[in-house]
Amino acid sequence: FIFCASYALEATELIHAARDNAIPTRFCAPSTWDNELVFEGAGRRLAGTCITSSLLEISFNYRPFQIFYDAMAAAGMESPDGQAANAYDSVSLVAKAMERGTTPQAIREGLLAIKRLPLATGRVSISPDGSAIKSVIIRMVEVIGSRLVPVYAERFEPK
């Protein structure tokens, strides 16, 4: 595997370049590749790619995502994307931290105290160094018939 952290528009070029140059690899990619532009642009060449993403799927029956999705629909957004969910989660995370107080020190302490907080994109914990440890879905896509189909999907939760 080659892990490739790039945007959707760059992904198709990278996939084609690897295949055109006979590089025998599969890609592991972030949620930016979980996009119709990539699926349409790369076609069969995307087969075997692992895509990591947030819990942006109603099929996982994750209540906090459903709350976010319903709120965005009520606000007029037809298909909330990962950027909208991450923005929603960022505000929710800071709001939770501010329950301890509004001074910079209180907010910092509030953030560091967060463990397994359920947000739209999954559960998040903040490590002692301030890093976010989040839920993730790993999905493998394959070509079946003439379509790209997720053949494996598993959700991993932070401890």
Side-chain angles (χ1 to χ4, degrees), residues 1-62 64-69 71-73 75-94 96-97 111-112 114 116-159:
F1 279 102
I2 293 176
F3 180 75
C4 192
S6 66
Y7 293 104
L9 294 175
E10 298 164 329
T12 301
E13 293 176 23
L14 292 167
I15 292 165
H16 288 299
R19 301 302 184 254
D20 291 347
N21 290 291
I23 298 172
T25 190
R26 296 188 308 182
F27 289 97
C28 183
S31 59
T32 54
W33 285 34
D34 196 0
N35 183 304
E36 288 300 318
L37 291 173
V38 177
F39 295 163
E40 291 170 8
R44 293 179 152 310
R45 291 179 166 197
L46 189 62
T49 297
C50 283
I51 298 172
T52 62
S53 63
S54 307
L55 302 180
L56 297 177
E57 289 187 25
I58 293 173
S59 63
F60 276 96
N61 198 24
Y62 178 65
F65 173 74
Q66 190 63 55
I67 292 167
F68 156 75
Y69 193 86
M72 295 299 102
M77 184 180 278
E78 289 183 30
S79 297
D81 60 11
Q83 291 174 331
N86 283 320
Y88 182 91
D89 283 357
S90 295
V91 171
S92 299
L93 193 64
V94 172
K96 180 68 175 173
L111 285 169
L112 292 174
I114 291 173
R116 298 183 44 80
L117 179 67
L119 297 171
T121 61
R123 294 190 185 280
V124 66
S125 294
I126 304 298
S127 71
D129 71 359
S131 297
I133 303 164
K134 296 180 68 171
S135 302
V136 69
I137 295 172
I138 296 180
R139 209 179 354 256
M140 171 84 70
V141 293
E142 292 291 349
V143 176
I144 298 176
S146 62
R147 300 188 60 213
L148 284 166
V149 178
V151 294
Y152 169 83
E154 188 161 345
R155 177 171 137 185
F156 297 90
E157 294 289 342
K159 295 184 181 199

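All residue numbers in this chain count up from 1 along the given sequence.
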Determine yes or no for a side-chain-to-main-chain donor-acceptor pair under 3.5 angstrom, with Ser135 supplying the side chain and Arg123 the backbone. yes

side-chain contact (heavy atoms from CB on, under 4.5 Å) partners of Glu13, counting only residues at least two apart: none

From NE2 (His16) to CG (Leu46), nearest 0.5 Å: 9.5 Å

For Thr121, does its backbone N or O pair with a side-chain atom of Asp89 as donor and acceptor, under 3.5 Å? yes

From Leu117 CG over to Ser125 OG, what is the distance, rounded to the nearest 0.5 angstrom? 8.5 Å

Looking at CG of Asn86 and CG of Leu119, how far apart are the two atoms once the value is rounded to the nearest 0.5 Å? 10.0 Å

What's the verdict on side chain to side chain contact (heavy atoms under 4.5 Å, CB included) for Leu37 and Thr12, showing C-alpha distance, side-chain angles and the deciding distance? CA-CA 8 Å; Leu37 291 173; Thr12 301; 5.9 Å; no

I'd like to know if the side chain of Asp129 reaches the main chain of Ser131, judged simply by a donor and an acceptor atom lying under 3.5 Å from each other, with no hydrogens or angles considered. yes

Apply side-chain contact (heavy atoms from CB on, under 4.5 Å) to Ser90 and list each qualifying residue two or more places apart in sequence or on a separate chain. none

Which value, rounded to the nearest 0.5 Å, describes the distance between Lys134 atom NZ and Ile126 atom CD1? 9.5 Å

Which residues share a side-chain contact (heavy atoms from CB on, under 4.5 Å) with Ile67, sequence neighbours left out: Arg63, Tyr88

Which residues satisfy the salt bridge (Lys or Arg N to Asp or Glu O under 4.0 Å) test with Asp20, sequence neighbours excluded? Arg45

Name all residues meeting the side-chain contact (heavy atoms from CB on, under 4.5 Å) criterion together with Ala73; count only those two or more places apart in sequence or in a different chain, and write none if there are none. none

